[in-house]
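Notes for the one structure printed next.
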Amino acid sequence: MQLADLPFDIKKADANSVWKNCLTIIKENVKPMTFNTWFLPIRPVSFENNVIKIQLPTQFFWEWIDEHYNHILNKAILNVIGPEGKLTYVIADEKESESDLKISIAKTSEPLPTPTQTIKPSNGNTSAKDASYNSNLNPRYRFDNFIKGEGNQLARATAGAISDNPGETSFNPFFVYGGVGLGKTHLIQAIGNRILEKFPDKKVIYLSTDSFTVEFVEAIQSNRVNEFQNFYRNIDVLIIDDIQFLTGKEKTQDLFFHIFNTLHQSRKQIILSSDRPPKELKGMDERLISRFKWGLAADIQPPEYEMRIAILKSKAEEFGMTISHDIVEYIASNITSNIRELEGCLIKMLATASLNSKDISLDLARKIVREIASDRKLNLGIDDITKIVCEYLNVPENKVRDKTRKKEIVLARQLSMYFAKEYTKASLKTIGLHFGGRDHSTVIHACSSIEAEAKDDLQLAELLSKLKNKIELHYK
Ligand code: ADP
Ligand code: MG
C-alpha cells in the first residue's frame with residue numbers, strides 16, 4: 001500500500017495532507033475522467049477532531065458523489081483517518097450547508113466543529129499575516145477561465161485594473177451586480193486570487209455576507225466585537241459576496257459602515273457583489289448605499305448566444321469532454337440566462353454518459369435540458385412570480401388577489417397566472433386559488449388571452465419577453 005511510504009502522521013496532519021492522501025486512494029479506484037471531473041475540483045477546508053471538511057463547487061456535485069462514489073470515499077477516509085474518521089462538506093459560495101456524510105464508518109458522537117469556512121479574529125496579531133489567516137478564496141475562480149462577453153465587459157475590465165493596483169484606482173468600492181449564476185462570485189474571487197499572486201503579502205479576505213453576519217453575531221455573544229472590528233479594519237482587500245443579504249440587518253450594517261470607512265480612508269480595496277444595483281437595495285442604510293456608489297458599480301448581463309457557445313466549448317474542454325457542435329448549439333439555444341446552468345448541464349451529461357459508458361448524444365442533451373427546466377420549476381413559487389410581475393408593473397401585490405377590474409391590475413393578474421402556469425408545477429386549480437379563489441377556467445382564459453394578444457400586440461410581446469428574463473434571473 002502506497003500510504004506506508006509516506007511520512008504521514010494523522011495526529012499532526014492538516015486538511016491538505018489528509019485530502020491529498022484520500023485523493024491518492026480515490027485515484028486508484030476510479031477512472032481518470034471520473035477523477036478529474038468529480039474529485040479534482042474538491043478543496044479541503046479543515047481537519048479537526050478526525051473530521052475532514054471539504055468544499056464542493058455545487059450541491060449537484062455532492063449529490064452525485066454521494067450517490068455514486070460514496071463507497072470509495074468511505075474507503076479513503078477509513079484508510080487515511082481511521083475508523084473514527086468523518087467527513088463534512090460545504091458548497092462553495094453558497095450558504096453554508098453543512099451536513100454529515102452518510103459514511104458508515106462515522107461513529108464519533110462528538111458534535112461537529114462549528115463552521116470554519118470563515119476566518120476567526122483569533123490572537124489580535126493583525127499587523128502581519130499569521131497562521132490563522134485564511135483568504136477563503138477558491139483557486140478555481142481565475143481570470144484565465146473567466147470568459148469575456150458583452151455582458152461582462154466593463155466588470156471584467158475593471159476587475160483587471162483593480163488587480164493591478166488594489167486600493168489605488170478610483171474603483172473603490174468595486175460593486176458588481178447581476179442575476180444569479182452570471183459569474184459575480186467567480187469574478188470577485190478571481191480578483192482576490194490575482195492580487196494574492198501579485199502581492200503575496202497583502203491580506204485578502206473573501207466572505208459571504210451571511211458569514212460576515214454570523215461572525216458578527218458570534219462576536220457579540222462572546223464579547224469580542226472590538227477584536228472582530230479590528231481584524232477587518234486591518235485587511236488590505238475585503239471582498240464581500242451577496243451584499244443584498246445585509247438589507248434589514250441594521251446592527252451589522254452599522255458595523256460594516258465603520259469598517260468600510262476605515263478601509264476606504266486607508267486606501268484599502270473593497271469589493272462587493274449584489275443581485276441588484278445599489279439604489280435598489282431596499283432596507284439598506286442610505287449612508288451605505290451612497291458609499292456603494294463612490295467607486296464603480298458594474299453590472300453583469302446574461303450571456304449572449306455567442307458567449308454561451310464559447311462557455312460551453314471552453315468548459316467542455318476543461319472537463320475533457322468531446323461534444324459535437326450541434327449539441328453545443330442545442331444547449332446554447334435552450335439554456336439562455338444562467339451560466340451556472342450551462343455548466344451544470346455539461347456536468348450532468350458528462351456524468352450520465354460516463355456512468356453508462358455511452359456517448360454524449362443529442363438525445364441525452366435534450367433529456368438533461370428538460371431536467372434542468374423542471375428543477376427550475378421546483379424552485380419558483382406562484383408568490384415569487386406574482387411579486388416579480390407586480391414589481392415590474394408597479395402594481396401593489398395584494399391588489400391582484402382582489403376583485404378589482406382596473407386595467408393594469410387585470411393585466412398584472414393575467415400575466416402572473418400565465419407565468420405561474422409556465423414556470424411552476426402548480427395545477428390550474430391551485431393557481432386560481434392563489435388569485436383570490438378564482439376557478440381554473442379563469443386561469444385558462446387568462447393564459448390564452450395573453451398568448452393570443454401577444455401575437456398582434458408588439459408591446460405586450462416585448463413585456464412578456466422582459467418579464468421572462470426577469471423571472472429566469474430569479475431561478476435559484
Ligand atoms: P453568481 O455569483 O453570479 O451567482 P457564479 O460566479 O457562482 O455566479 O457563477 C456560476 C458558475 O458559472 C460558476 O461555476 C462560474 O465559474 C461559472 N461562470 C460564470 N461566469 C463565467 C464566465 N464568464 N466564464 C466562465 N465561467 C463562468
Ligand atoms: Mg455568487
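Just so it is clear, the model here is predicted, and its values are computed rather than measured. As the structure lists them, so they are numbered: ligands from 1, and atoms in each ligand from 1. Just the heavy atoms: all of them, side chains too, but no hydrogens, waters or symmetry mates, feed the values below.
- In summary, the atoms of ligand 1 found under 4.0 Å from a heavy atom of L182, numbered by their order in the structure, are 1 (P), 3 (O), 8 (O), 19 (C), 20 (N).
- Of the possible polar contacts, one joining the N338 side chain to the E341 backbone as a donor-acceptor pair under 3.5 Å is found.
- Within the 3.5 Å criterion, the main-chain N or O of F171 finds a donor-acceptor partner in the side chain of Q269.
- Each of the following atoms of ligand 1 lies closer than 4.0 Å to a heavy atom of N145: 24 (N), 25 (C), 26 (N).
- Residue G183 places at least one N or O, backbone or side chain, under 3.5 Å from an N or O of ligand 1.
- Aromatic ring pairs are classed by plane angle as parallel below 30°, tilted from 30° to 60° and perpendicular above 60°; the pair Y89 and W62 is parallel.
- Residues D164 and K198 form a side-chain contact, since some pair of their non-hydrogen atoms from C-beta on lies under 4.5 Å apart.
- Partners of R276 under the side-chain hydrogen bond (donor to acceptor under 3.5 Å, both in side chains) rule, at least two apart in sequence or in another chain, do not exist in this structure.
- Using a 4.0 Å cut-off between heavy atoms, R140 contacts ligand 1 through its side chain alone, with no backbone atom that close.
- Under a 3.5 Å cut-off, the side chain of N193 and the backbone N or O of N138 do form a donor-acceptor pair.
- Using cut-offs of 30° and 60° for the angle between ring planes, the F256 and F212 rings count as perpendicular.
- Within the listing of ligand 1, atoms 3 (O) sit less than 4.0 angstrom from a heavy atom of G179.
- Ligand 1 has K315 within reach: a non-hydrogen atom of the residue lies less than 4.0 Å from it.
- Only the side chain of N152 comes within 4.0 Å of ligand 1, judged by heavy-atom distances.
- Those atoms of ligand 1 that come under 4.0 Å of a heavy atom in I147, given as number and element, are 22 (C), 23 (N), 24 (N), 25 (C).
- Of all the atoms in ligand 1, the ones that sit under 4.0 Å from a non-hydrogen atom of M307 are 23 (N).
- Using a distance-only test at 3.5 Å, with no hydrogens or angles considered, a donor-acceptor pair links the side chain of N172 to the main chain of K268.
- For ligand 1, the polar-atom distance check against K184 finds a nitrogen or oxygen pair separated by under 3.5 Å.
- Residue-ligand proximity, E343 to ligand 1, at heavy-atom distances under 4.0 Å covers atoms 11 (C), 13 (C), 14 (O), 16 (O), 17 (C).
- The Mg ion (ligand 2) has an N, O or S atom of T185 inside 2.8 Å of it.
- Annotation for I323 and A316: closest pair CG2-CB, 3.5 Å, computed over non-hydrogen atoms.
- Not close to ligand 1: Q189, with no non-hydrogen atom less than 4.0 angstrom away.
- The I339 neighbourhood of ligand 1 comprises atoms 12 (O), 17 (C), 18 (N), 19 (C), 20 (N), 21 (C), 27 (C), with distances under 4.0 Å to a heavy atom of that residue.
- Assignment of R156 to the shell around ligand 1 is not supported, since no heavy atom sits closer than 4.0 Å.
- The residues D144 and R194 are annotated as not salt-bridged, no charged nitrogen and carboxylate oxygen being separated by less than 4.0 angstrom.
- Comparing D275, I347, D242, T185 by heavy-atom distance to atom 2 (O) of ligand 1, the nearest is T185.
- Taking distance alone, with nitrogen or oxygen atoms compared against 3.5 Å, L187 stays at or beyond that limit from ligand 1.
- For the salt bridge (charged side-chain N to carboxylate O under 4.0 Å, His left out) test, residues two or more places apart in sequence or in another chain that qualify with K387 are E391.
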